[in-house]
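From a predicted model like this one, the values you see are computed outputs, not experimental measurements. Heads up: numbering here begins at 1 and tracks the sequence.
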Amino acid sequence: LVFAGEVDSLTKQLADVSRGNGFVLFGGDCAESFDEFSTDHVRDTLRVILQMALVMTYGGSQPVVKIGRMAGQFAKPRSSPMETIDGV
C-alpha cells in the first residue's frame with residue numbers, strides 16, 4: 001500500500017528517468033509464500049535493493065528510482081497454476 005503523495009512523487013521521478021535523467025531499479029519477490037515471509041526477509045530484500053541502488057548511483061552518476069514489491073502475492077494468492085481471463 002502506498003500514499004497518494006508517493007504516487008505523485010514516483011510519477012515525477014519516472015518522467016525524469018524517461019528523459020534519460022536516472023535509472024529505475026525494480027526488485028522484490030514475485031510469488032513469496034507465507035512460510036518465507038518474515039521481518040528478516042523483508043529487511044534483507046530491502047538491503048539488497050539499496051546496495052544495488054548505491055552501486056548503480058555511483059557507477060552511473062545518476063539518481064536511481066527504487067521500486068520494491070513486497071508481499072504482492074498476498075493480495076491475490078494463486079488458486080491454480082494457470083489463470084485464464086477472457087479466454088486468454
Side-chain angles (χ1 to χ4, degrees):
L1 299 174
V2 296
F3 296 104
E6 293 173 316
V7 174
D8 292 339
S9 176
L10 178 61
T11 300
K12 292 173 186 169
Q13 291 174 1
L14 291 175
D16 284 342
V17 170
S18 73
R19 291 188 290 273
N21 301 320
F23 300 99
V24 173
L25 174 61
F26 188 88
D29 292 324
C30 181
E32 63 278 84
S33 69
F34 286 108
D35 293 336
E36 298 170 343
F37 192 73
S38 69
T39 304
D40 291 340
H41 183 74
V42 172
R43 183 201 61 230
D44 293 344
T45 300
L46 180 59
R47 179 181 293 148
V48 169
I49 292 171
L50 293 175
Q51 288 171 340
M52 290 171 66
L54 182 64
V55 170
M56 290 174 68
T57 301
Y58 179 77
S61 300
Q62 294 205 30
V64 176
V65 178
K66 297 164 285 297
I67 303 172
R69 182 180 191 273
M70 304 285 176
Q73 194 66 23
F74 297 154
K76 185 196 168 292
R78 294 272 182 224
S79 54
S80 66
M82 300 295 290
E83 183 174 4
T84 303
I85 299 175
D86 295 331
V88 178

*Mind jotting down which residue pairs meet the salt bridge (Lys or Arg N to Asp or Glu O under 4.0 Å) criterion with at least one end in residues 48-68? Sequence neighbours excluded, please.*
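For residues 48-68, and leaving out neighbouring residues, there are no salt bridge (Lys or Arg N to Asp or Glu O under 4.0 Å) pairs at all.
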Which atom pairs, one a donor and one an acceptor, fall under 3.5 Å between side chains of residues 5-13 and the rest of the protein, sequence neighbours left out?
unit_1: Glu6; atom_1: OE1; unit_2: Phe3; atom_2: N; d: 2.7
unit_1: Ser9; atom_1: OG; unit_2: Gln13; atom_2: NE2; d: 3.4
unit_1: Thr11; atom_1: OG1; unit_2: Val7; atom_2: O; d: 2.9

*Quick one: do Met56 and Ile49 end up in the same hydrophobic cluster if we chain Ile, Leu, Val, Met, Phe, Trp and Tyr together by side-chain heavy atoms under 4.5 Å apart?*
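Yes.
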*In terms of hydrophobic clusters joined by side-chain contacts under 4.5 Å, are Met52 and Phe23 together?*
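As far as the 4.5 Å side-chain criterion goes, Phe23 and Met52 are connected within one cluster.
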*Please say whether more than 12 non-hydrogen atoms of neighbouring residues, nucleotides or ligands are located less than 6.0 Å from CZ in Phe26.*
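Counting other residues, nucleotides and ligands, CZ of Phe26 exceeds 12 neighbours.
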*Closest heavy-atom contact between Leu25 and Val64?*
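Scanning both residues completely, I find the closest heavy atoms to be CB-CG1, 3.8 Å.
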*asked:* Restricting to non-hydrogen atoms, name the atom on Pro63 and the atom on Asn21 that form the minimum distance, rounded to 0.1 Å.
replied: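 Heavy atoms only, the tightest pair is CG-O, 3.7 Å.
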*asked:* Filter on side chain to side chain donor-acceptor pair (under 3.5 Å), then keep only pairs touching residues 42-54, sequence neighbours left out; what's left?
replied: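 Passing the test, one end in residues 42-54: Asp40-Arg43.
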